Amino acid sequence: MYGTYPYTATRAKAMKSLLLKKEDYEKLKKMGVSEMARFLGEGQYKRQIEEMAKYHKGVRLVNLALNENLSFAINKLLMISSKEAKDLIKLYAGKWVVSNIKVVMRAKLNNLGKKELDEIVPIEPTTREFCVKLFSSDEPSKLVRKIIPTNTKSFEKFYSEKDVKSLENLLDVSYYSLIFKASKALPGMLGTFFQNLIILLNIKNIVKLASAGIDKKMLKDFIIGTEITLLRDMINASSTEVMLDVLRNSKYAILTKGVEKDIIKLENNIEKFLYEYSFELLHKKPISIFPIFG
């Protein structure tokens with residue numbers, strides 16, 4: 001299933017060497033924003049920092065440079081990978097593609113300017129050119145369906161009603177349904193990674209929506225894939241506190257760290273959980289797809 005990819009794996013290993021080290025992050029924690037920009041501009045972010053500094057500064061400069069560098073790395077991986085590896089990387093990179101579409105639709109429906117499109121991570125096929133075209137289109141559903149197979153009728157309904165939240169949920173469900181389908185065909189750690197993506201998204205949605213007072217029956221409509229026992233128990237919890245207790249007594253207990261004080265912490269914990277799992281992949285079978293995907 002996974003095969004060997006000596007060329008791509010070697011290139012991916014070289015890209016790994018460019019990642020910031022733990023000591024770099026310790027330095028960054030002590031810096032102001034301007035110092036961070038200078039520090040990043042001395043390394044692999046040099047090109048992006050120099051280009052963005054012509055038009056932006058401060059936090060915006062750093063954020064945009066990081067987004068540009070991320071898109072460069074993902075697009076490079078897609079370019080150098082074989083078809084099998086590319087299909088999997090493209091599937092995962094779809095989370096940024098969907099995010100880009102949501103940025104565009106949010107700006108479009110809220111009558112915001114094209115400046116909002118600076119927030120995208122320009123990963124193929126949602127390049128800046130595509131996002132500008134989508135922003136200006138009178139029939140955005142046709143462009144979106146070329147990338148993500150959404151329900152056209154539902155898309156156009158939410159679009160005409162300017163229902164941003166429902167439109168964003170439709171895009172998430174459409175994308176993560178593809179992930180769910182793919183995960184069932186992938187054995188081992190990679191399959192587990194994709195399955196975790198679905199479960200963790202469901203956990204995040206349940207907690208976030210329950211905290212906002214969404215009815216239990218409606219919560220079930222937001223479940224993507226299989227409604228496992230954990231998710232069912234969380235939905236049926238009598239309060240957010242009980243819901244977190246259910247999560248705390250599961251194998252995903254680590255996600256609840258610090259959540260009592262700040263529910264936003266849950267999303268940070270989920271990202272950390274996934275990144276740590278990804279780093280495990282980096283050290284598996286040196287010339288296989290694992291380090292490429294990690």
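The structure presented is a predicted model; accordingly, all values stated were derived computationally and were not measured.
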Any pair with a residue in residues 236-272 that passes ring-ring contact (aromatic ring centres under 6.0 Å, His included), sequence neighbours left out, goes on the list, sorted by first then second residue, please. Tyr252-Phe273
State the OG-CG distance between Ser250 and Leu230, to the nearest 0.5 angstrom. 5.0 Å
Between Ser183 and Gln195, does any side-chain donor sit less than 3.5 Å from a side-chain acceptor? no
Report yes if the side chains of Lys165 and Asn169 come closer than 4.5 Å at any heavy-atom pair, otherwise no. no
Verify the cluster assignment for Val164 and Ile120: are they in a single hydrophobic cluster under the rule of side-chain heavy atoms below 4.5 Å apart? no
Are any side-chain N or O atoms of Ser71 and backbone N or O atoms of Glu68, one a donor and one an acceptor, separated by less than 3.5 Å? yes
Hey, does Met105 have a side-chain heavy atom less than 4.5 Å from the side chain of Phe158? no
Any side-chain to backbone donor/acceptor pair from Asp118 onto Leu64? Under 3.5 Å, distance only. no
Supply the atom-to-atom distance Thr10 OG1 to Ile80 CD1, rounded to the nearest 0.5 angstrom. 9.5 Å
Do Leu19 and Leu66 land in one hydrophobic cluster if side-chain heavy atoms of ILVMFWY residues count as linked below 4.5 Å? no
Ile101, Leu143: one ILVMFWY side-chain cluster at the under-4.5 Å cut-off? yes
For residues Gly113 and Phe135, report the shortest heavy-atom separation together with the two atoms involved. C-CZ, 4.1 Å
Answer yes or no: is there a side-chain heavy-atom contact under 4.5 Å between Met15 and Lys76? yes
Side chains of Val144 and Leu134: does their closest heavy-atom pair fall under 4.5 Å? yes
Flag the pair Asn111 / Lys162 as yes when at least one side-chain heavy-atom distance between them is below 4.5 Å, and no otherwise. yes
List the atom pairs, donor and acceptor, that lie under 3.5 Å between side-chain atoms in residues 170-180 and the rest of the protein, sequence neighbours left out.
residue : atom : partner : partner atom : Å
Asp172  : OD1  : Lys102  : NZ           : 3.1
Asp172  : OD2  : Lys102  : NZ           : 3.2
Ser174  : OG   : Leu170  : O            : 2.7
Tyr175  : OH   : Leu91   : O            : 2.7
Tyr175  : OH   : Tyr92   : O            : 3.2
Tyr175  : OH   : Lys95   : N            : 3.2
Ser177  : OG   : Val173  : O            : 2.6

Under 3.5 Å, side chain of Asn151 to main-chain N/O of Lys153, donor-acceptor pair present? yes
Do the non-hydrogen side-chain atoms of Trp96 and Leu70 ever get within less than 4.5 Å of each other? yes
Flag side-chain contact, heavy atom, 4.5 Å: Lys108 against Tyr159: yes
How many angstroms lie between atom OG of Ser137 and atom CZ of Phe130, to the nearest 0.5 angstrom? 9.0 Å
Smallest heavy-atom separation, Val207 atom then Leu266 atom, equals CB-CD2, 3.7 Å
Just verifying a value: how many Å separate Asn205 CG and Met234 CE, rounded to the nearest 0.5 Å? 10.5 Å
Below 4.0 angstrom, N of the basic side chain to O of the carboxylate: do Arg60 and Glu119 qualify? yes
Could you state whether Leu200 and Ile206 fall into the same hydrophobic cluster, counting links through intermediate Ile, Leu, Val, Met, Phe, Trp or Tyr residues with side-chain heavy atoms under 4.5 angstrom apart? yes
Check ion pair Asp163-Lys157 (N to O, under 4.0 angstrom): no
Could you pull out the closest heavy-atom pair between Ile123 and Asn100, with the gap in Å? N-ND2, 4.0 Å
Kindly say whether Pro122 contributes a backbone atom to a donor-acceptor pair with the side chain of Asn75 at under 3.5 angstrom? yes
Considering only NZ, NE, NH1 and NH2 on the basic side and carboxylate oxygens on the acidic side, decide whether Lys142 and Glu156 come within less than 4.0 Å. no
More than 12 foreign heavy atoms under 6.0 Å from NZ of Lys21: is that the case here? yes
In the single-linkage hydrophobic clustering (I, L, V, M, F, W, Y; side-chain heavy atoms under 4.5 Å), do Val98 and Leu274 co-cluster? yes
Residues Arg106 and Glu168 bridged, charged N to O under 4.0 Å: yes
Side-chain donor-acceptor pairs of residues 37-52 under 3.5 Å, sequence neighbours excluded:
residue : atom : partner : partner atom : Å
Gln44   : NE2  : Leu18   : O            : 2.7
Lys46   : NZ   : Glu50   : OE2          : 2.8
Arg47   : NH1  : Glu51   : OE2          : 3.4
Gln48   : OE1  : Asn69   : ND2          : 3.4

Over all atoms of both residues, closest heavy-atom pair of Met36 and Met31: CE-O, 3.8 Å
